[in-house]
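Here the structure comes first, spelled out in structure tokens, and everything after it is commentary.
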Amino acid sequence: AQSVTQLDSQVPVFEEAPVELRCNYSSSVSVYLFWYVQYPNQGLQLLLKYLSGSTLVKGINGFEAEFNKSQTSFHLRKPSVHISDTAEYFCAVSILTGNQFYFGTGTSLTVIP
Amino acid sequence: DAGITQSPRHKVTETGTPVTLRCHQTENHRYMYWYRQDPGHGLRLIHYSYGVKDTDKGEVSDGYSVSRSKTEDFLLTLESATSSQTSVYFCAINTAPGVDTQYFGPGTRLTVL
């Protein structure tokens, strides 16, 4: 079975500072990895995804993530955050032969002016 | 934006009453999902469908049933609502779980008194 762990439930950061949101996964087979963002009172939107190829993936709004197979991690980073990045961020995994996605418990990012 | 609508968007009901939530898509995607979102738990899968009349249970299916008689509609029913089912419910769709992005609806906020 697959599982996802987001190590930080809340991350406060000052505006224009860098941020890293951590995600670790567990799986006995190859996985596909996703980061979603949820703004208040909205559904989830895809930020970026890793399917294969380059382990550094770039997404929307200046976010990027790096797939590290040996550490089973897929951490999300942004070099300089903006107030508008305040949101809930979810890491998710799926496998090619499965029918489901598995989500982490989410990280609430708060950008402080 | 993917064509996904959920109805109702908000509902308040009493313990013991039946409740049906509707998810409607215009994308003709094969896979549809129902999740619930609760603080500290992230998104948890209730049921999913991989085709008309083809459904399967997720992580937290007890107390819920689903039906899919048409490609575009996926219904979630609480036969006898309980206070523990107070939550925000999200519908999601995609063409293939392993490699495709999930697209989420706007959510339904359900309160069971």
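All values below were derived from every heavy atom in this structure, side-chain atoms included, with hydrogens, water molecules and symmetry-related copies excluded. Just so we're on the same page: letters track the sequence lines, and every chain starts at 1.
Of the two parts of B:Q6, neither the backbone nor the side chain holds a non-hydrogen atom closer than 4.5 Å to a non-hydrogen atom of chain A. For chain A, the nearby part of B:L45 is the side chain; its heavy atoms alone come within less than 4.5 Å.
Between the CG atom in A:L46 and the OH atom in B:Y103 there is a gap of 7.5 Å [rounded to 0.5 Å].
Taken together through direct or relayed side-chain contacts under 4.5 Å among Ile, Leu, Val, Met, Phe, Trp and Tyr, A:F90 and A:L7 form parts of separate hydrophobic clusters. Residues B:L21 and B:V12 do not share a hydrophobic cluster, clusters being chains of Ile/Leu/Val/Met/Phe/Trp/Tyr side chains in contact below 4.5 Å.
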| task | Would you check, one step at a time, whether the test side-chain contact (heavy atoms from CB on, under 4.5 Å) holds for A:F101 with B:Y31? | result | CA-CA 11 Å; A:F101 288 76; B:Y31 291 84; over 6 Å; no
| message | A:F34 vs B:Q102, test: side-chain contact (heavy atoms from CB on, under 4.5 Å). Steps then yes/no. | response | CA-CA 10 Å; A:F34 304 78; B:Q102 276 198 322; over 6 Å; no
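Closest of all the heavy-atom pairs between B:T101 and A:Y36 is CG2-OH, 3.6 Å. The minimum heavy-atom distance between B:L43 and A:F103, with the atom names listed, is O-CB, 3.9 Å.
The number of heavy atoms from other shown groups lying within 6.0 Å of CD (B:E14) does not exceed 12. By the 6.0 Å contact criterion, CZ on B:R109 is open, its count of non-hydrogen atoms from other residues, nucleotides or ligands being 12 or less.
When side chains are defined from C-beta on, A:T105 does not count as touching B:H41, because their heavy atoms never get closer than 4.5 Å. Residues B:D56 and A:Q100 have side chains not in contact (no heavy-atom distance under 4.5 Å, counting atoms from C-beta outward).
Using a 3.5 Å distance cut-off with no hydrogens or angles, the side chains of B:Q37 and A:Q38 do pair a donor with an acceptor.
Between chain A and the residues B:F90, B:Y48, B:Y50, the largest count of heavy-atom pairs under 4.5 Å involves B:Y48.
Although no hydrogens or angles enter the test, the distance criterion places no donor-acceptor pair under 3.5 Å between the side chain of A:Y102 and the main chain of B:R44.
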